[in-house]
Student: 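One structure follows; several queries about it will come next.
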Protein chains: 2
Amino acid sequence: MARTRRPAAPAADGPDARGRLLEAGQAAFADRGFDGATVRDICRRAGVNIAGVTYHFGGKEGLYVEAVKHAHTCAARMNDFPAPPPGTPPVEKLRVFIREMVARMHAPASTTAMKLMMREMADPGRAAGVVVDEFIRPVAFALRGILRELLPGLDEPRLLATGFSVIGQILFYRQNRPVSELIFGKAAVDALDAGLVTDHVTRFTLAALGLAEPVGSSPRRGGTA
Amino acid sequence: MARTRRPAAPAADGPDARGRLLEAGQAAFADRGFDGATVRDICRRAGVNIAGVTYHFGGKEGLYVEAVKHAHTCAARMNDFPAPPPGTPPVEKLRVFIREMVARMHAPASTTAMKLMMREMADPGRAAGVVVDEFIRPVAFALRGILRELLPGLDEPRLLATGFSVIGQILFYRQNRPVSELIFGKAAVDALDAGLVTDHVTRFTLAALGLAEPVGSSPRRGGTA
DNA sequence: GTCCGTGCCCAACAGACGTTTGAAATATAC
DNA sequence: GTATATTTCAAACGTCTGTTGGGCACGGAC
């Protein structure tokens, strides 16, 4: 009678074993990587037997792919960018794009989901294609469209490079935050909150495109909205 | 008599066992990561017995740390930035900084060394401190010094953000090249060679700072030198 | 009731991992 | 020459990995 059939550790009323494995796997893969995370640890955290991974996902790699897909499903409200009303001037579209992008990098819907996807992007493999197709590429082409409107005469390579300049600025804060903190100290980097970064990147970019006053020109902030 | 004492596989006249382990380890860690690389594989490639790693470095982790140090020694002619003669205008210093930085990202002295360091920066640990102290921080402060000259009135957070905008643009091409190729195709990304990137980043940055004509303003290139 | 399929658990598997052992081989000092 | 220290070797160690086969409990069909 001491034997309870129900799973031991976590909430038994929540998602089923498969769902719990998915979430535990997402968390484990996010902060230990594919090789670093172990099936045993994932199952322990999910309150599921070791055999559960093979049973539900066919193996560790299957769980990984599904976890990444699940992550992109979670965090990929990237699509639901607030669609600007038609007739919105391109400059305003770019402003919105940068603001939304910075916001999602600083405070993503799911931290672990974002970490997992970033890890997969760092060295692509296994599930990179899925993330790129449904998560990254739409955003990239949206940005390219905006920039094409703004710079109709620019040749393709330079347009691409301009897009990379925008994304590169934004991505930096997510990809290189730990190193930045090692260099300049955590306090200095933490001072750059989403608002300030949005402000700066918008102004830096618009100034580079000749659509705003250059950085440092005016002591007052006059960037975004 | 059939027994040859000399190591089997690689060149026997080159570096000794310790040195060969260092190089093989650097290569293995660079493209498989710490967990992915195996001591057995490293020893096989180095032509050294399995016990060699423990004997010479005290273990796998010791070899990893030394490999990263060795990598930073190899690729870290980062210090020997062409020191601009005193009296050089800050704008020219920034031009040189960007050009050198882009060049080293596109064609580092040692590809594997660069990959290994980048991997360690992606999620710091074990040997991140060494790389930052002797490789990254000097460059970061050099850039900050240049920007401080250019923007004497800017507050600290925004100066920091400006530096991140510069480095973010440059780093993008090294950190996100695989993903970029997945999105836009290898050909389109390969078209962005070091010269074009230097040209673009320089112009984009100087325009953002109000020191050059904005991107797309003139059909001719007028950027760097 | 019996039957069968689904979901899950236990225990064990074979393999790979990093590390250690103790001796053989080499280099160095005398 | 002998004596000593350093380096390399083959073989095994214990541990941890992902995976698997067999069995237990529950569900609806009949």
Side-chain angles (χ1 to χ4, degrees), chain A residues 1-29 31-68 125-127, chain B residues 1-29 31-68 125-127:
Chain A
M1 24 257 293
R3 299 292 298 277
T4 66
R5 279 293 122 219
R6 298 284 77 209
D13 59 333
D16 58 347
R18 205 191 115 100
R20 275 176 291 149
L21 278 176
L22 219 41
E23 290 190 23
Q26 180 175 312
F29 289 135
D31 57 42
R32 292 205 230 273
F34 180 79
D35 292 318
T38 73
V39 173
R40 277 175 171 82
D41 181 53
I42 293 172
C43 289
R44 198 179 323 117
R45 295 206 220 180
V48 174
N49 190 268
I50 323 275
V53 169
T54 303
Y55 177 76
H56 285 288
F57 301 96
K60 185 186 185 183
E61 188 149 337
L63 171 59
Y64 180 78
V65 175
E66 290 304 316
V68 174
R126 279 179 275 261
Chain B
M1 10 297 280
R3 301 290 297 277
T4 66
R5 279 296 120 216
R6 296 285 77 208
D13 59 333
D16 58 346
R18 206 190 114 100
R20 276 175 291 148
L21 279 176
L22 219 40
E23 291 191 22
Q26 180 176 310
F29 289 135
D31 56 42
R32 293 204 231 271
F34 180 79
D35 292 318
T38 74
V39 172
R40 280 177 168 81
D41 180 53
I42 293 171
C43 288
R44 198 179 322 117
R45 293 205 221 180
V48 174
N49 190 271
I50 321 274
V53 169
T54 304
Y55 177 76
H56 285 288
F57 301 95
K60 184 186 185 182
E61 187 151 338
L63 171 60
Y64 180 78
V65 175
E66 289 304 316
V68 174
R126 281 180 273 264

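Below, each value reflects all heavy atoms present in this structure, side chains not excepted, and no hydrogens, waters or symmetry copies. From a predicted model like this one, the values you see are computed outputs, not experimental measurements. Here is the naming used below: chain letters follow the sequence lines, and residue numbers restart at 1 for every chain.
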Student: What is the minimum heavy-atom distance between L21(B) and C43(B), and which atoms define it?
Tutor: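 Answer, listing the atom of L21(B) first, then C43(B): CD2-SG, 4.1 Å.
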Student: Provide, to the nearest angstrom, the distance between the CZ atom belonging to R44(B) and the P atom belonging to dA10(D).
Tutor: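 Atom-to-atom, R44(B) to dA10(D), this comes out as 14 Å.
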Student: Calculate the interatomic distance between F57(B) atom CZ and dG18(C) atom C1'; express it in whole Å.
Tutor: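 Whole-Å distance recorded here is 16 Å.
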Student: Kindly indicate whether the side chain of F29(B), heavy atoms from C-beta on, has any atom under 4.5 Å from the side chain of V68(B).
Tutor: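 With C-beta onward as the side chain, the pair stays apart.
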Student: Only distances under 3.5 Å count here; give the side-chain donor-acceptor pairs of residues 47-61 of chain A to other protein atoms, sequence neighbours excluded, each with its distance to 0.1 Å.
Tutor:
{"from": "N49(A)", "atom 1": "OD1", "to": "A51(A)", "atom 2": "N", "distance (Å)": "3.0"}
{"from": "K60(A)", "atom 1": "NZ", "to": "F34(A)", "atom 2": "O", "distance (Å)": "2.8"}
{"from": "K60(A)", "atom 1": "NZ", "to": "A37(A)", "atom 2": "O", "distance (Å)": "2.9"}

Student: List, with names and distances, any nitrogen or oxygen atoms from the protein found under 3.5 Å away from nitrogen or oxygen atoms belonging to nucleotides 17-20 of chain D.
Tutor:
{"from": "dG18(D)", "atom 1": "OP1", "to": "K60(A)", "atom 2": "NZ", "distance (Å)": "2.7"}
{"from": "dG18(D)", "atom 1": "OP2", "to": "V39(A)", "atom 2": "N", "distance (Å)": "3.0"}
{"from": "dG18(D)", "atom 1": "N7", "to": "R40(A)", "atom 2": "NH1", "distance (Å)": "2.8"}
{"from": "dG18(D)", "atom 1": "O6", "to": "R40(A)", "atom 2": "NH2", "distance (Å)": "3.0"}
{"from": "dT19(D)", "atom 1": "OP2", "to": "K60(A)", "atom 2": "N", "distance (Å)": "2.8"}

Student: Taking all non-hydrogen atoms of both residues, which atom of A24(A) and which atom of R45(A) are closest, and how far apart?
Tutor: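 A24(A) and R45(A) have their closest heavy atoms at CB-CB, 4.2 Å.
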Student: Measure the distance from CG on D16(B) to P on dT6(D) and round it to the nearest whole Å.
Tutor: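 Roughly 16 Å, once rounded to whole Å.
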Student: Roughly, in whole Å, what's the span from CZ in R20(B) to C1' in dT8(D)?
Tutor: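 Taking atom C1' of dT8(D) as the reference, CZ of R20(B) is at 11 Å.
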Student: Give me the atom names and distance for the closest heavy-atom approach of G25(A) to L63(A).
Tutor: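 Closest heavy-atom pair between G25(A) and L63(A): CA-CD2, 4.5 Å.
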Student: Counting only side-chain N and O atoms of H56(A), is one of them less than 4.0 Å from OP1 or OP2 of dC8(C)?
Tutor: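 Yes.
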Student: Give the rounded distance in Å between these two atoms: CG of L21(A) and P of dG7(C).
Tutor: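 Result: 13 Å.
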Student: Can you confirm whether R32(B) sits close enough to D41(B) that some side-chain heavy atom of one is under 4.5 Å from a side-chain heavy atom of the other?
Tutor: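 Counting from C-beta outward, R32(B) and D41(B) do come under 4.5 Å.
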Student: Rounded to the nearest angstrom, tell me the gap between atom CG in D41(B) and atom C1' in dG15(C).
Tutor: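 Nearest whole value for this atom pair: 17 Å.
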